[in-house]
Amino acid sequence: MSKLLEVKNLKVNFSTYGGEVKAVRDVSFHINESEILAIVGESGSGKSVTVQTIMGLLPKKVSKIKSGTIHYKGKDLLKLKRSELRKLKGSKISMVFQDPMTSLNPTMRIGTQIAEGLIIHHNLSKREAKIQALEMIKLVGIPNPEQRYNQYPHEFSGGMRQRVMIAIALACKPELLIADEPTTALDVTIQAQVLNLMIDLKDKMNTSIILITHDLGVVAETAERVAVMYAGVIVETGTVNQIFKEPKHPYTWGLMESIPDMYSDQKERLIPIEGSPPDLFAPPKGCPFVMRCKYAMEICESKMPGDYEISPNHTAKCWLNDEQSPSAEEVIALGGAMYE
Ligand code: SF4
């Protein structure tokens, strides 16, 4: 599989009255062609800022890309002219946002909004664009396309509006779709329908998808590979199997313990991750998870761990994976974390 997009050493800061927030801290990852990659993490972990940087959507006045590259098919998106990036967005790279009501134009008919991109990016006539827009409405499973084409966003339910957003994003047949919490505002049944629709479209159109979510259930059902983000850093990456069956980072262990096992017939207590994420005005010098980790050692506080390769495709940023480190059990036997 070849890489479609590769982010390397990305650092993004925000200027606020209180100082500089280090929102994304040396993030590197890639997505292959025709693959679904989930970026998972709690609110404020930097996942949305990362994809907004890819899309060139950061507010210019308060944000600063301190370093890094974002290569899309060999071109660094951060070095493209605005006009070149605009051309790429919408035609090759599209985005679906969390809240369709604020992303759709309430004064424009749905059909016109879907056809607009086709007219701009593919130079289609209005008539041709309408034919393709109707096909997209059908493809995303909205019944009565002819009638729905002429309706306004407020005439659609939440799930249907999200389908419209997906139709707009996919109308120009992008190679990469970025979906930022696309199902968070939907109820569980509609959520499943929208996720199935995205998987289906990926299979039919070979679209790669970066799925941003905090919901591990969504990750398990949809993604092929996962990047776990914490406090602006990717702390673990791997295939869905590797992350769910053999996680190698204490934060990922914590995430796994905090989701119910629907196949277990035992009554089990869910264990929340104690504490809160670090202050990103002054993040820890070493591991970002150090203050919440029950295995923290002295080195964790002073030095950021590297990405340890556990197996092909699987890396974890944790000192416990160093060959000279005691195991997690040994740390506990020695009295547990230095911060407890
Ligand atoms: Fe971070 Fe150390 Fe805990 Fe690993 S053991 S997650 S490096 S604090």
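One-based numbering, in listed order, for ligands and for the atoms of each.
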_Within 6.0 angstrom of Lys8 NZ, more than 12 heavy atoms from elsewhere_ = no
*So between Pro326, Gly286, Cys293, Cys287, whose heavy atom ends up nearest atom 3 (Fe) of ligand 1?*
Cys293
*Identified side-chain hydrogen bond (donor to acceptor under 3.5 Å, both in side chains) counterpart of Tyr251 within the set Glu42, Glu236, Arg292*: Glu42
*Quick one: do the Ser15 and Glu20 side chains pair a donor with an acceptor below 3.5 Å?*
yes
*Within 45 degrees of the axis of the six-membered ring of Phe156 and under 6.0 Å from its centre: does Arg148 put its NZ or CZ there?*
yes
*Selected option - heavy-atom contact closest to atom 2 (Fe) of ligand 1, from Ser325, Ala328, Pro288, Cys300*: Cys300
*Counting each atom of ligand 1 from 1 as listed, which ones have a heavy atom of Val290 under 4.0 Å away?*
8 (S)
*Please report which non-hydrogen protein atom sits nearest to atom 7 (S) of ligand 1, along with the residue it belongs to and the distance in Å to one decimal place.*
Trp319 N, 3.3 Å
*Is it the side chain (CB and beyond), the backbone, both or neither of Cys318 that lies under 4.0 Å from ligand 1, heavy atoms counted?*
both
*asked:* I'd like to know if Glu175 and Lys73 make a salt bridge, using a cut-off of under 4.0 Å between side-chain N and carboxylate O.
replied: yes
*Between His249 and ligand 1, which residue portion shows a heavy-atom distance shorter than 4.0 Å: side chain, backbone, both, or neither?*
side chain
